[in-house]
Amino acid sequence: MRFAIVVFPGTNCDADCFHVLAKVLHQPTAYIWHQETKLPDLDCVILPGGFSYGDYLRAGAIARFSPIMRPIADFAQAGGQVIGICNGFQILVEAGLLPGALLPNSTGGFRCQWVNLLVESNRTDALRLARPGEVIRMPIAHGEGRYYVGDEELAALERNGQIVLRYCDADGRITAEANPNGSVANIAGLTNEAGNVFGLMPHPERCAEPELGGTDGRLVFESLLKVGALV
């Protein structure tokens with residue numbers, strides 16, 4: 001598969017994503033500067049973590065206006081795979097490519113820790129190799145990760161199966177204690193209705209090699225490769 005990683009001023013996880021895709025999984029991977037106005041030929045766009053534009057106003061609020069976001073929106077509308085990780089998730093929400101909002105952590109301050117995640121659904125290609133009900137483990141690092149939608153929107157997300165990852169305990173129980181940031185319904189990751197735009201707060205690129213303490217993050221990238229090989 002051909003991957004592209006978008007770089008905004010303040011992005012700091014672009015090299016991590018590049019390493020996993022190009023060096024660990026040996027996939028054609030390129031960087032795209034945020035001022036570009038078109039995408040190269042590719043199969044998947046990744047918006048990585050960091051602090052785009054210093055998180056001024058709020059996380060992702062300025063990055064949504066970068067020139068590259070228009071071709072990314074068109075790419076998503078045409079069914080292309082788009083993944084937003086942490087700050088990338090925040091940008092996708094601000095740009096209207098995913099519903100809801102990401103607010104400051106209810107627990108206060110920046111949270112940097114490993115979390116357990118319940119795979120609620122594998123309807124997105126990025127989780128195709130996962131089993132619904134499976135518990136996986138990834139690290140988080142964010143100050144504005146509290147996902148929020150109103151009751152009606154939450155009901156729609158539930159009904160459409162768009163919630164794909166929830167914070168849980170080691171046994172897969174959805175509890176308040178397992179929620180690191182106060183996200184509504186313990187939501188850690190979700191998709192658009194079509195399933196081709198996927199946003200998540202945890203960092204799969206930081207747990208794709210044993211040396212980093214876990215390999216569950218490979219599931220996201222290898223799922224994309226598996227689906228790509230079948231297309």
Would you call [X] and [Y] a side-chain contact if the rule is heavy atoms closer than 4.5 Å?
| X | Y | result |
| --- | --- | --- |
| Asp74 | Leu39 | no |
| Glu205 | Cys13 | yes |
| Ile5 | Leu21 | yes |
| Cys207 | Leu212 | no |
| Trp33 | Pro9 | yes |

Would Leu102 and Met201 satisfy side-chain contact (heavy atoms from CB on, under 4.5 Å), going step by step from the backbone distance to the final call?
-> CA-CA 10 Å; Leu102 285 154; Met201 288 309 297; 4.1 Å; yes
Over all atoms of both residues, closest heavy-atom pair of [X] and [Y]:
| X | Y | value |
| --- | --- | --- |
| Gly145 | Asn181 | O-ND2, 3.1 Å |
| Thr107 | Pro180 | OG1-O, 3.1 Å |
| Val164 | Phe198 | CG2-CE1, 3.5 Å |
| Met69 | Ala95 | CE-CB, 3.9 Å |
| Ala188 | Tyr167 | CB-CZ, 3.5 Å |
| Ser223 | Arg128 | OG-N, 3.4 Å |

Asn87 and Ser52: side-chain donor and acceptor closer than 3.5 Å?
->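 Yes, because at least one side-chain N or O of Asn87 sits under 3.5 Å from a partner of the opposite role on Ser52.
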Polar side chain donor-acceptor pair, Gln90 to His142, under 3.5 angstrom |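 Their side chains do not contain a donor-acceptor pair, so the 3.5 Å distance test is not met.
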Could you tell me whether a side-chain N or O of [X] sits under 3.5 Å from a main-chain N or O of [Y], the two making a donor and an acceptor?
| X | Y | value |
| --- | --- | --- |
| Arg166 | Ala185 | yes |
| Glu36 | Ile68 | no |
| Arg123 | Glu193 | yes |
| Asp14 | Phe18 | no |
| Asp55 | Arg58 | no |
| Thr175 | Ala178 | yes |
| Asp171 | Arg173 | no |
| Thr215 | Pro210 | no |
| Asp216 | Met138 | no |
| Asp43 | Gln81 | no |

Is there a chain of hydrophobic side chains (I, L, V, M, F, W, Y, each step under 4.5 Å between heavy atoms) that links [X] to [Y]?
| X | Y | result |
| --- | --- | --- |
| Val184 | Leu98 | yes |
| Leu190 | Leu97 | yes |
| Ile174 | Leu157 | no |
| Val135 | Val115 | no |
| Tyr53 | Phe110 | no |

If I take atom [atom1] from residue [X] and atom [atom2] from residue [Y], how far apart are they, to the nearest 0.5 angstrom?
| X | Y | atom1 | atom2 | answer |
| --- | --- | --- | --- | --- |
| Asn179 | Asn186 | CG | CG | 4.0 Å |
| Asp125 | Leu225 | CG | CG | 11.5 Å |
| Cys86 | Asn12 | SG | CG | 9.0 Å |
| Leu127 | Leu200 | CG | CG | 8.0 Å |
| Thr124 | Asn196 | OG1 | CG | 7.5 Å |
| Arg146 | Arg111 | CZ | CZ | 13.0 Å |

Let me know which of Val24, Ile46, Leu129, Ile83 forms a side chain to side chain contact (heavy atoms under 4.5 Å, CB included) with Phe221.
-> Ile46
Taking atom [atom1] of [X] as the centre, report whether more than 12 heavy atoms of other residues, nucleotides or ligands fall under 6.0 Å from it.
| X | atom1 | answer |
| --- | --- | --- |
| Asp41 | CG | no |
| Gln113 | CD | yes |
| Arg2 | CZ | yes |
| Tyr31 | OH | yes |
| Glu158 | CD | yes |

Pair Leu25-Arg218, side-chain contact (heavy atoms from CB on, under 4.5 Å): steps then yes or no = CA-CA 9 Å; Leu25 298 176; Arg218 290 180 67 121; 3.5 Å; yes
Classify the angle between the aromatic ring planes of Tyr147 and Phe89 as parallel (below 30°), tilted (30 to 60°) or perpendicular (above 60°).
->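 Tyr147 vs Phe89 ring planes: parallel.
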Yes or no on side-chain contact (heavy atoms from CB on, under 4.5 Å) for Leu92 and Asn192, after CA distance, side-chain angles and deciding distance?
-> CA-CA 10 Å; Leu92 291 178; Asn192 62 345; over 6 Å; no
Apply the test side-chain contact (heavy atoms from CB on, under 4.5 Å) to residues Leu47 and Ile85: give CA-CA distance (whole Å), side-chain angles for both, the deciding distance (0.1 Å), then the verdict.
-> CA-CA 6 Å; Leu47 282 69; Ile85 301 169; over 6 Å; no
